[in-house]
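Beneath this line is the structure, given in structure tokens, with notes to follow.
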Amino acid sequence: MFFINNQNTVNMEKTWRWFGPNDKITLDMLRQIGVEGIVTALHHIPNGEVWSLEEINKMKQLIESYGMRWSVVESLPVSESIKYGGPDRDELIERYKESLANLGRAGVKSVCYNFMPVLDWARTDLDYPNGDGTSNLYFNMGEFAYFDIYILGREGAEKDYDEDTLKRVAELRATMTPEGEQRLIENIIVKTQGFVSGNISENDKNPVEKFRDLLKLYDGIDATQLRENMAYFLKAIMPVCEEWGINMCVHPDDPPRPILGLPRIVTCDADIKAFLDAVPNPHNGLTFCAGSLSASPDNDVVELARKYADRTHFAHLRICKTLPGGDFKESTHLDPRLIEVVRIFQEKNPDVPMRVDHAELMLGDGDKGYNAGYSFHGRMRALAQIEGVMAALRASK
Ligand code: DNO
């Protein structure tokens with residue numbers, strides 16, 4: 001859908017990730033800040049169950065009653081068994097296809113998902129001070145390795161880290177407290193996972209134990225096998241996508257590297273090319289998350305946008321700054337690379353819905369109990385910044 005502003009020029013659609021009626025940020029608030037489209041999921045339906053047409057329509061009508069549309073599903077979760085190739089994967093794929101057909105019947109046609117084993121996005125710190133009273137998300141490689149080696153106690157984990165990281169782990173070992181360990185557990189596998197329909201929820205009594213069991217499901221699954229399983233899934237669902245005009249858009253892995261002994265297969269140019277080539281169908285596309293891709297110093301995010309804008313069905317506009325030792329943090333939404341990414345999309349694929357992501361906690365956001373990375377004021381400012389960028393790019397044409 002093209003969005004025509006009052007100067008009759010075309011803009012990317014301004015969307016916002018909303019977590020449903022329990023979200024503390026309401027549709028009324030979103031309407032007031034100029035959001036055009038909603039990105040959401042049926043969070044009350046457990047992973048692997050069919051989304052009925054009735055439930056989909058209920059959500060759709062609720063959103064439309066506020067004058068917005070349901071632009072993108074984020075996510076229709078892919079069950080672990082489809083990812084590792086369990087015995088019930090065909091049954092789960094059939095259910096996935098039913099949900100897709102029902103979305104198609106309701107006219108909701110962009111579906112974001114990921115193919116990350118066990119863990120969705122990962123951060124060690126959800127409240128890292130920026131020095132001006134605001135805070136943001138941070139990934140500390142030393143703390144992450146500490147979690148892997150000493151909290152999960154994964155066999156052979158040390159082998160996955162370089163000497164500098166192991167030195168950082170040894171330093172942490174000397175000063176770590178039980179509270180510090182608890183904080184890492186919460187940040188890495190609880191607070192960042194449950195609300196994105198992940199495997200671990202806030203109510204789990206022993207999240208670490210549960211997490212170890214989940215990791216075991218991937219024993220013997222390497223990147224090649226995971227790629228095959230992704231292609232198997234995509235090939236199976238493409239006929240339904242064609243029939244109903246559904247665009248699938250996989251979210252890149254965050255961070256874009258193997259973690260905790262798990263393979264990750266949507267991390268870089270070669271990976272993107274591989275899954276697009278494996279199933280060469282225009283309905284098989286990408287969520288261009290500039291933030292996830294920029295968390296690797298090896299990725300040139302502007303170049304990737306240029307290359308894959310036409311295979312992108314959804315854009316996540318945020319960007320990371322990489323730091324020594326494998327650390328990274330969120331950068332400003334006015335980072336010149338992100339401005340360039342917006343320019344590319346405005347030129348090459350202007351009807352793509354976009355949302356901002358992972359903005360600061362600011363002006364009291366921290367006390368409201370919002371989901372990690374999904375503040376109100378921080379995201380509102382980021383959206384306004386991106387709107388300004390779009391307006392300036394238009395005006396300078
Ligand atoms: C994190 C999000 C991801 C994303 C899923 C899509 O903030 O971008 O959790 O929604 O990976 O399936």
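Bear in mind that the values here come from a model prediction, so they are computed numbers and not experimental data. In listed order, ligands and their atoms are each counted from 1.
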Quick one: ligand 1 N/O to protein N/O pairs below 3.5 Å?
from, atom 1, to, atom 2, distance (Å)
ligand 1, 7 (O), His358, NE2, 2.7
ligand 1, 7 (O), Tyr374, OH, 2.6
ligand 1, 8 (O), His251, NE2, 3.1
ligand 1, 9 (O), Asp120, OD1, 3.0
ligand 1, 9 (O), Asp120, OD2, 3.2
ligand 1, 10 (O), Arg17, NH1, 3.1
ligand 1, 10 (O), Arg17, NH2, 3.4
ligand 1, 10 (O), Glu74, OE2, 2.5
ligand 1, 11 (O), Asn114, ND2, 3.2
ligand 1, 11 (O), Asp120, OD1, 3.0
ligand 1, 11 (O), Asp120, OD2, 3.1
ligand 1, 12 (O), Ser75, OG, 2.5
ligand 1, 12 (O), Asn114, N, 3.4
ligand 1, 12 (O), Asn114, ND2, 2.9

### Query
With side chains defined as the heavy atoms from C-beta onward, is the minimum distance between Val118 and Glu80 less than 4.5 Å?
yes

### Message
Once ring pair (Phe, Tyr, Trp, His ring centres under 6.0 Å) is applied, what residue pairs with a partner in residues 185-215 remain, sequence neighbours excluded?
### Response
Phe19-Phe195, Phe195-Tyr374

### Message
Taking the ring centre of each residue, are Phe328 and Tyr138 less than 6.0 Å apart?
### Response
no

Report all side-chain donor-acceptor pairs from residues 237-245 shorter than 3.5 Å, counting only partners two or more places apart or in another chain.
from, atom 1, to, atom 2, distance (Å)
Glu242, OE2, Asn281, ND2, 2.7

### Message
Quick test of your reading: applying ring pair (Phe, Tyr, Trp, His ring centres under 6.0 Å), list the pairs with at least one residue in residues 61-84, sequence neighbours left out, ordered by first then second residue.
### Response
Tyr84-Tyr218

### Message
I'd like to know whether the aromatic ring centres of Trp121 and His251 sit less than 6.0 Å apart in this structure.
### Response
no

